[in-house]
Amino acid sequence: MRACRPIATISAGVGAMIRFPALLYRSLLAGLLLTLPHSVLAQGWDMREGVTDISQRIQTLHHVSLFVCLAVGILVFGAMFYTIIAHRRSVHPEPANFHESTKVEVIWTLIPTLILIGMAVPATITLRDIEDNSDADVTVLITGSQWKWHYQYVDVGIGFYSNLSTPLEQINNEQEKGEHYLLEVDNPLVIPSGLKVRFLTASDDVIHSWWVPDFAVKQDAIPGFINEAWTLVDVPGVYRGQCTELCGMNHAYMPVVVEVVSAEEFNTWIEDQRIAMELAGEAAVAARSRDWSMEELMPIGEAVYIQHCATCHQPDGSGQGITYPAQAGSLIATGPVDVHIDRVLNGVVDTEMQSWAPQLSDLDIAAVITYERNAFGNDMGDLVQPLTIFNSR
Amino acid sequence: MIAHADTIPPARHPLIAWILRWILTTNHKEIGTLYLCFSFLMFIAGGAMAMVFRLELAQPGLQYLGADFYNQMVTLHGLIMVFGAVMPAFVGLANWMIPLMIGAPDMALPRLNNFSFWILPFAFFMLLSSLFMQGGAPNFGWTLYAPLSTTYGPPSTDYLIFGVHLMGISSILGAINIIVTIFNLRAPGMTLMKMPLFVWTWLITAFLLIMVMPVLAGAVTMMLTDRHFGTSFFSAAGGGDPVMFQHVFWFFGHPEVYIMILPGFGIASQIIPTFARKKLFGYNSMVYATASIAFLSFIVWGHHMFTTGMPLVAELFFMYMTMLIAVPTGVKVFNWVATMWRGAMTFETPMLFAVGFVVMFTIGGFSGLMLAIVPADFQYHDTFFVVAHLHYVLYPGAIFAMMGAIYYWLPKWCGNMYNERLGKIHFWTAVFGLNLTFFPMHFAGLGGMPRRIVDYALPFADLNLVSSIGAGILGLTQFLFLYIVVDAVRGGSGKATGQVWDSAEGLEWTLPSPAPLHTFHKPPQVD
């Protein structure tokens with residue numbers, strides 16, 4: 001009967017843990033934390049608690065399974081280290097002779113099975129709730145493409161691309177890294193607090209995975225298929241994540257930033273986006289109704305090139321091997337201008353060179369082509385006007 | 001055999017004769033040595049790649065590597081360690097030990113044995129040559145996920161595909177040989193349930209290999225036809241499905257995990273009884289547990305794919321089956337502890353590695369159980385938590401078992417004892433280095449660091465620096481290990497007896513040390 005006592009202790013412990021996971025967790029880690037440098041503490045040791053009901057329930061599941069493992073580990077390793085010390089040949093020269101016991105084998109098959117069933121039940125319940133995608137208030141279609149996210153609010157017809165906004169100088173260690181290094185974008189996804197938001201994920205090219213740890217939403221974006229996930233966030237704020245499926249060269253540079261705002265602010269924001277789209281349309285009309293000079297186009301083109309082209313083709317246009325060809329002296333950038341326009345507008349099918357037509361304005365495309373034809377020693381001297389791009393689309 | 005030696009023309013230059021002897025050998029011991037040397041070479045190559053990317057990951061920002069080259073290093077590291085280091089090392093060990101342990105004169109199919117080894121250098125020449133090709137080496141991870149590997153893969157991907165085919169052929173032929181040997185060449189009286197556990201675990205492993213290597217071959221062949229012959233197995237545009245690649249790959253990939261660990265279970269089950277001076281506890285249940293693990297390994301592949309949008313029932317099925325694997329695995333751990341219980345233990349280097357294996361493999365098992373919990377997996381999946389998990393299973397699992405086995409049987413192979421003091425130093429530095437490398441990865445993953453990224457956010461900087469320092473230490477220990485083995489072969493700390501370890505049991509210890517080139521001409525009688 002002595003053997004039963006530790007097991008009873010464990011089951012009582014597990015019960016207590018389910019009721020007071022946070023308390024037990026903190027008291028246990030308190031000792032460990034003392035031995036660690038401060039910066040590790042700041043980063044946090046634990047799975048993030050997050051800001052949704054689901055993320056908090058997942059963290060509890062994580063704690064429960066962690067503590068089951070710790071308890072079993074303490075028991076098994078405890079027995080092991082006890083025997084290592086007590087049954088060394090120097091203190092215990094005569095080995096015992098026993099080598100089988102069906103009873104014991106049955107016990108240590110059944111008890112783990114029961115513990116596992118105990119772990120599976122809450123996991124099943126949580127999983128069932130996670131997979132309930134019904135009754136969403138807002139739906140966002142998230143399309144991954146190398147290496148950015150495209151967000152579309154399908155109910156209201158608004159969409160935009162979200163690119164990494166960390167400057168290349170920070171990545172190349174030429175500038176001090178900012179607080180949100182690699183976790184910052186030009187246009188964050190905006191969603192309302194207190195409403196159920198459904199995410200549909202898809203992809204333009206390879207498999208990506210959209211992850212926001214604080215929502216506990218991680219859903220693969222698969223070309224040709226649409227996946228579903230959802231979240232309901234009560235606390236407004238900015239939440240950051242990353243692409244979590246290897247998606248090619250710049251997999252590390254594909255962050256997710258979500259801004260959660262109140263429902264009223266969200267409606268205002270949607271309205272602002274509509275107005276911005278109209279203004280952009282008017283600006284596009286204005287841009288193509290006049291001729292632009294080389295002096296005007298080159299700086300715009302350089303900025304577009306640095307943001308969208310330089311990670312592959314390199315800031316100096318030298319490219320990277322055959323996969324990411326050089327711009328300097330290339331057949332495209334020094335060849336016929338209509339071929340160059342076609343390449344930028346439509347890309348090359350089944351390569352990282354994507355179609356830029358949906359992503360950039362006429363002016364940006366005209367400027368970047370002008371830049372590519374006149375920078376890096378290409379010196380073609382030709383100008384591409386926004387109207388030409390408009391007509392080529 | 002002696003007559004055969006006479007037929008070699010005497011005029012041949014000794015160096016050429018020496019080279020030909022190793023190329024043409026059909027002796028299980030020599031082929032075992034070839035496998036072991038080759039796998040160590042690959043282990044160093046794969047490890048060097050790990051050093052390269054750990055150097056890059058030591059600090060945030062890009063310092064030494066381009067992002068694309070980083071991906072190539074990560075991909076080749078995985079492929080080389082799995083197919084070049086761990087698998088051939090265990091096959092080499094099987095070659096050396098299975099005939100000695102079952103009282104057979106050689107492997108059943110000696111020429112096939114030679115062939116299955118000599119495929120490997122060509123396979124890895126093809127794979128590694130991709131580093132020097134235009135467009136670089138494969139850069140999509142060892143899991144080869146489509147469409148990154150098909151539509152978007154560099155030209156060298158085709159070399160990878162043919163390399164994998166060759167490795168697969170080698171593995172299948174090796175597995176056939178092992179099965180035939182075990183079924184046909186056991187000494188009289190050695191019934192299946194009297195076989196040493198290492199032989200049992202390899203028998204089961206060999207069946208796993210035969211069942212899953214063709215599946216991998218199918219997967220890469222579909223990649224090949226998608227790339228060049230207009231098929232659309234993995235492209236939705238043509239009616240295919242990229243996720244189907246993952247299903248096929250992991251149907252191979254999960255049993256593969258057990259291919260890499262079951263022989264390790266066998267090794268621990270040989271070493272622990274010897275140094276506890278007590279019979280293995282629960283031999284029968286160890287065999288049944290191994291068989292159950294092997295069976296379950298075929299029905300858990302979906303746990304690698306929980307975020308691909310599986311239906312709820314499939315998620316539940318794979319979660320329950322995966323959790324179930326903890327039961328037979330637990331039985332094995334409990335049996336090892338019970339074997340040690342009230343023994344008379346000493347801790348020579350093989351025992352240290354075996355105990356280290358049990359403890360740290362169990363840590364990897366714990367994180368595996370946590371990963372099985374689907375809701376939590378949504379947070380762990382594809383983060384450094386998984387990297388920590390798989391390395392705990394593979395490094396202190398497969399590789400510690402392998403190193404323990406080498407220390408254990410090396411005196412039998414070369415006739416000399418290794419330097420015990422250096423062996424212990426090797427063990428403790430490796431334990432320190434690997435925990436320093438892999439333990440912080442748990443926290444990086446929980447904090448939100450995805451795997452396979454070349455650059456990371458600032459909060460992960462300290463943890464990554466620690467991992468990189470640990471990796472450097474771990475890398476250096478390999479050279480200590482190499483020195484100890486070479487030193488032992490050249491004399492070491494003196495001659496070993498035939499018995500080597502005072503209470504080791506099994507047919508291999510009835511032979512003199514070093515074991516002569518040809519053993520068990522007459523099968524021994526086992527009672």
Side-chain angles (χ1 to χ4, degrees), chain A residues 39-40 43-47 58 61-62 65 69 76 79-80 83 87-89 92-93 95-96 99-100 105 108-109 112-113 116 120 123-124 126-127 130-131 171-173 177 181-183 206-207 209 213 216 218-220 222-224 227 242 244-246 248-252 321-323 350, chain B residues 60-62 67-68 134-136 141 145 147-148 151-152 154 236 242-243 277-279 281-282 285 307-309 312 315-316 320 323 326-327 330-331 333-334 337 340-346 359 366 370 373-376 378-379 381-382 443 446-448 450 452-455 457-459 462:
Chain A
S39 49
V40 177
Q43 188 258 316
W45 272 71
D46 195 10
M47 177 187 282
I58 286 178
L61 283 175
H62 164 69
S65 54
C69 290
V76 174
M80 200 166 162
T83 188
H87 304 142
R88 284 169 292 152
R89 186 170 60 178
H92 189 259
H99 58 85
E100 61 188 346
E105 301 283 356
W108 64 41
T109 306
T113 310
L116 290 174
T124 305
T126 307
L127 186 60
I130 292 174
E131 294 294 338
I171 294 170
N172 293 328
N173 309 307
K177 295 175 174 41
Y181 176 69
L182 299 188
L183 298 178
V206 300
I207 300 176
S209 190
K218 184 183 286 153
Q219 191 67 62
D220 287 2
I222 297 164
N227 275 328
Q242 277 179 278
T244 45
E245 181 65 61
L246 178 60
M249 185 173 71
N250 288 340
H251 169 50
I322 55 164
T323 318
D350 291 346
Chain B
L62 289 182
D68 191 50
Q134 276 215 323
Y145 277 11
L148 195 59
T151 316
Y152 295 83
V243 178
R277 293 170 180 78
K278 192 160 152 278
K279 265 179 87 169
F281 187 86
S285 75
T307 62
T308 56
L312 178 62
E315 287 174 333
L316 290 176
Y320 299 149
M323 294 176 84
V327 175
V331 166
V333 173
F334 300 143
V337 176
M340 294 161 72
W341 195 259
R342 292 175 56 209
M345 276 182 281
T346 51
V359 172
F366 285 147
M370 295 168 74
I373 310 286
V374 185
F378 291 148
Q379 292 285 54
H381 179 77
D382 256 333
F443 302 117
L446 290 175
R452 291 169 168 165
I453 55 175
V454 64
D455 195 1
L458 300 180
D462 292 350

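Lettering follows sequence order; numbering is per chain, from 1.
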Q: Please step through side chain to side chain contact (heavy atoms under 4.5 Å, CB included) for the pair B:Met345 and A:Arg89, ending with a clear verdict.
A: CA-CA 5 Å; B:Met345 276 182 281; A:Arg89 186 170 60 178; over 6 Å; no

Q) Got a donor-acceptor contact below 3.5 angstrom from the B:Gln379 side chain to the A:Ile58 backbone? A) no

Q) chain A: which of B:Ala236, B:Pro375, B:Gly309 shares the most heavy-atom pairs with it under 4.5 Å? A) B:Pro375

Q: Flag yes if more than 12 heavy atoms outside B:Lys279 fall under 6.0 Å of its NZ atom; otherwise flag no.
A: no

Q: Please check if the side chain of A:Asn173 supplies one atom and the backbone of B:Leu62 the other of a donor-acceptor pair under 3.5 Å.
A: yes

**Q.** Which atom of A:Pro223 lies closest to which atom of B:Pro147, heavy atoms considered
**A.** CG-CG, 3.9 Å

Q. What closest approach, in Å, do B:Pro450 and A:Gln242 show between heavy atoms, and which atom pair accounts for it?
A. CD-OE1, 3.2 Å

Q) Atom CG of B:Leu458 and atom CG of A:Leu182: how far apart are they, to the nearest 0.5 Å? A) 7.5 Å

Q) Quick one: does B:Phe443's side chain get under 4.5 Å of A:Asp46's, heavy atoms only? A) no

Q. Would a distance-only check, ignoring hydrogens and angles, find a side-chain to backbone donor-acceptor pair under 3.5 Å from A:Lys218 to B:His381?
A. yes

**Q.** Residues, nucleotides or ligands: over 12 heavy atoms within 6.0 Å of A:Arg88 CZ
**A.** yes

Q) Which answer fits A:Leu127, side chain, backbone, both or neither, if we ask what part of it has an atom under 4.5 Å from a heavy atom of chain B? A) both

Q | Nearest heavy-atom neighbours spanning A:Ser65 and B:Met370 | A | OG-CG, 3.8 Å

Q | Contact summary for A:His62 and B:Leu446, nearest pair of heavy atoms | A | CE1-CD2, 3.7 Å

Q.
Parallel, tilted or perpendicular: which one describes the rings of A:Trp108 and B:Phe334, with boundaries at 30° and 60°?
A. tilted

Q | Interchain contact, B:Pro154 with chain A, by part (heavy-atom threshold 4.5 Å) | A | neither

(Q) Main chain of B:Thr308, side chain of A:Asn227: is a donor-acceptor contact present, judged purely on distance under 3.5 Å? (A) yes

**Q.** Side-chain heavy-atom pair B:Arg342, A:Pro95 within 4.5 angstrom cut-off
**A.** no

Q. CD1/A:Ile207 to CG/B:Leu148 distance, rounded to the nearest 0.5 angstrom?
A. 8.5 Å

Q.
So, taking the atom named NZ in B:Lys278 and the one named NE2 in A:His87, what distance separates them when rounded to the nearest 0.5 Å?
A. 9.0 Å

Q.
Could you measure the distance from the CZ atom of B:Arg452 to the OG1 atom of A:Thr244? Nearest 0.5 Å is fine.
A. 11.5 Å

**Q.** Heavy-atom contact with chain B under 4.5 Å, split by part of A:Ile171
**A.** both

Q) Highest number of heavy-atom pairs under 4.5 Å with chain B: which of A:Gly224, A:Pro213, A:Pro93, A:Ala96? A) A:Ala96

(Q) At a 4.5 Å cut-off on heavy atoms, which part of B:Phe378 comes close to chain A: side chain, backbone, both, or neither? (A) both

**Q.** Minimum side-chain heavy-atom gap B:Glu315-A:Glu131 below 4.5 Å
**A.** yes

(Q) Pair A:Glu245, B:Tyr145 - check side chain to side chain contact (heavy atoms under 4.5 Å, CB included), show working. (A) CA-CA 10 Å; A:Glu245 181 65 61; B:Tyr145 277 11; 3.5 Å; yes

Q) Side chain, backbone, both or neither: which part of A:Leu116 has a non-hydrogen atom closer than 4.5 Å to chain B? A) both

(Q) Using every non-hydrogen atom in the two residues, find where B:Tyr320 and A:Ala120 come nearest and quote the distance to one decimal. (A) CE2-CB, 3.9 Å

Q. Pick from A:Gly321, A:Pro112, A:Ala79, A:Ser209: which one has the most heavy-atom pairs with chain B under 4.5 Å?
A. A:Ala79

(Q) What's the separation between atom CG in A:Leu246 and atom CD1 in B:Ile453, rounded to the nearest 0.5 Å? (A) 11.0 Å

Q.
So, taking the atom named CG in A:Asp220 and the one named CG in B:Asp382, what distance separates them when rounded to the nearest 0.5 Å?
A. 7.5 Å

(Q) Can a donor-acceptor pair be found, under 3.5 Å and without considering hydrogens, that links the side chain of B:Ser285 to the backbone of A:Glu105? (A) no

Q: Could you tell me which non-hydrogen atom of B:Gly135 sits nearest to which non-hydrogen atom of A:Thr323, and how far apart they are?
A: CA-OG1, 3.9 Å

